[in-house]
Amino acid sequence: MSTLDAFKAPSLVSKKTRKEKIQVDDEDSVIVDASALPTRKEAIDADNDEDMDMAESPSVAKPDFAPAQGGAANGVVKGTRKIPIPAHRMAPLKRHWMEIYGPIVEHMKLQIRMNLKRRTVELRTSNATDDPSALQKGADFVRAFALGFEVQDAMALLRLDDIFLDSFEIKDVKTLHGDHLARAIGRIAGRDGKTRFTIENASKTRIVLADTKIHILGSFQNIKVARDAIVSLILGSPPGKVYASLRTVSARMKERF
């Protein structure tokens, strides 16, 4: 050891100064007693006390909002709808205008007008509108009438929430041309509309045949039943087989409800 100390560089700090430094370091060290530390419960109580003090302090002011007025209180968003009317439905629209005007204005609290120049029916909300879905229901009601449904049938869209409108074309199921297409339409309609009425009564829906387009009005499950029957007729199934499947489905629906 004496040999190693001989090779060390000389220190510029005297031994007396080094001893005083060691004593100061010993005085700065603190002995922590575990019993003096706060418990978890005491820490949580202290935090809660601080939160209560902050809540009770008058410096934190709560926001003050003005009361909602009119349709904003019910979440009604102002909007408009324009429903195009086909040329062949303009005459029935004029003839049944008061039957359409009444439910829209009196029950749905909407504003409606007929634009003869653009062949559209325009709807918009008013200050009295209190139903957020009134505008959409009114547009569906007018659109159903434009597609060919009777006013009384289309009115179900205003009164019930689970009534929908489904449309598809024959070419979406199978590509047919000429006499094959005419025979498919004839199978769907039946003699004097017998097949269509049977499907409507069995599935509790309303069906409109507009050339190659088919429109179905009813609940989701009933629309599926009617659509499956129509698709079977388009694909060439005989009406008797479709009637048998409809009777089975109708019996199941009666048992369910």
Side-chain angles (χ1 to χ4, degrees), residues 61-169 172 196 199-200 203-227 230 257:
K62 294 182 180 180
D64 186 13
F65 297 102
Q69 297 178 356
N74 300 319
V76 178
V77 180
K78 293 184 178 180
T80 59
R81 293 284 192 279
K82 295 182 180 181
I83 300 93
I85 306 297
H88 69 281
R89 294 296 293 175
M90 286 300 296
L93 179 65
K94 295 176 183 178
R95 189 165 56 250
H96 298 281
W97 178 248
M98 293 308 299
E99 299 177 26
I100 297 172
Y101 178 87
I104 292 291
V105 175
E106 296 175 4
H107 298 287
M108 307 308 293
K109 305 289 194 305
L110 297 173
Q111 295 179 351
I112 182 173
R113 73 175 181 178
M114 185 194 311
N115 193 330
L116 296 176
K117 185 177 181 180
R118 297 184 178 180
R119 289 181 179 175
T120 59
V121 173
E122 300 175 359
L123 300 172
R124 72 177 182 182
T125 57
S126 64
N127 295 330
T129 305
D130 54 0
D131 187 1
S133 61
L135 186 60
Q136 184 61 45
K137 288 182 178 180
D140 293 339
F141 169 63
V142 177
R143 188 177 295 110
F145 179 82
L147 292 176
F149 291 96
E150 296 292 335
V151 177
Q152 298 300 325
D153 295 335
M155 204 173 293
L157 291 166
L158 300 178
R159 297 178 176 177
L160 302 175
D161 293 333
D162 57 345
I163 299 296
F164 305 97
L165 187 62
D166 186 23
S167 301
F168 65 96
E169 296 188 34
D172 296 337
R196 180 172 69 91
I199 297 174
E200 287 180 346
S203 60
K204 297 180 181 179
T205 58
R206 288 293 178 267
I207 300 172
V208 170
L209 297 177
D211 196 14
T212 61
K213 295 182 179 180
I214 301 167
H215 311 291
I216 307 175
L217 180 68
S219 64
F220 179 80
Q221 188 66 28
N222 296 343
I223 288 175
K224 184 178 182 303
V225 173
R227 186 172 61 238
I230 293 173
F257 297 105

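Small disclaimer: the values here were computed from a predicted structure and weren't measured.
Between the Ser126 side chain and the Lys109 main chain, a donor and an acceptor come within less than 3.5 Å of each other.
The CZ atom of Arg206 sits 5.5 Å away from the CD atom of Glu200 when rounded to the nearest 0.5 Å. If you take CZ on Arg95 and CD1 on Ile100, they are separated by 10.5 Å, rounding to the nearest 0.5 Å. The line from NZ of Lys213 to CG of Asp172 is 10.0 Å long, rounded to the nearest 0.5 Å. The distance from the CD atom of Gln221 to the NZ atom of Lys204 is 12.0 Å, given to the nearest 0.5 Å. Distance check, rounded to the nearest 0.5 Å: CG of Asn127 to CD of Gln111 gives 8.0 Å. How far CG of Asp130 is from CE of Met108: 9.0 Å, rounded to the nearest 0.5 Å.
The shortest distance between side-chain heavy atoms of Met114 and Leu93 falls below 4.5 Å. Looking at heavy atoms from C-beta onward, Leu110 lies in side-chain contact with Thr125 at the 4.5 angstrom threshold. Within the 4.5 Å cutoff, side-chain heavy atoms of Leu116 are placed close to those of Met90. Here the side chains of Arg196 and Leu209 are in contact, with some heavy-atom distance below 4.5 Å. Asn115 is not listed as a side-chain neighbour of Val121, based on a closest heavy-atom distance of 4.5 Å or more. Using a 4.5 Å heavy-atom cutoff, the side chains of Ile230 and Ile199 are in contact. Here the side chains of Arg124 and Arg113 are not in contact, with every heavy-atom distance at 4.5 Å or above.
Taking each heavy atom of Ile104 and Gly138 in turn, the nearest pair found is CD1-CA, 3.7 Å. For the pair Ser203 and Val225, the tightest heavy-atom approach, listed with the atom from each and the gap, is CB-CG1, 4.0 Å.
Summarising the local packing, CZ of Arg89 is surrounded by more than 12 heavy atoms from other residues, nucleotides or ligands at distances under 6.0 Å.
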N/O donor to acceptor pairs below 3.5 angstrom from side-chain atoms of residues 143-166, sequence neighbours left out:
{"from": "Arg143", "atom 1": "NH1", "to": "Asp140", "atom 2": "OD1", "distance (Å)": "3.0"}
{"from": "Asp161", "atom 1": "OD1", "to": "Lys137", "atom 2": "NZ", "distance (Å)": "2.8"}
{"from": "Asp166", "atom 1": "OD2", "to": "Arg227", "atom 2": "NH1", "distance (Å)": "2.8"}

Between Leu123 and Phe141, does the side chain to side chain contact (heavy atoms under 4.5 Å, CB included) criterion hold? Intermediate values first, please.
CA-CA 11 Å; Leu123 300 172; Phe141 169 63; over 6 Å; no

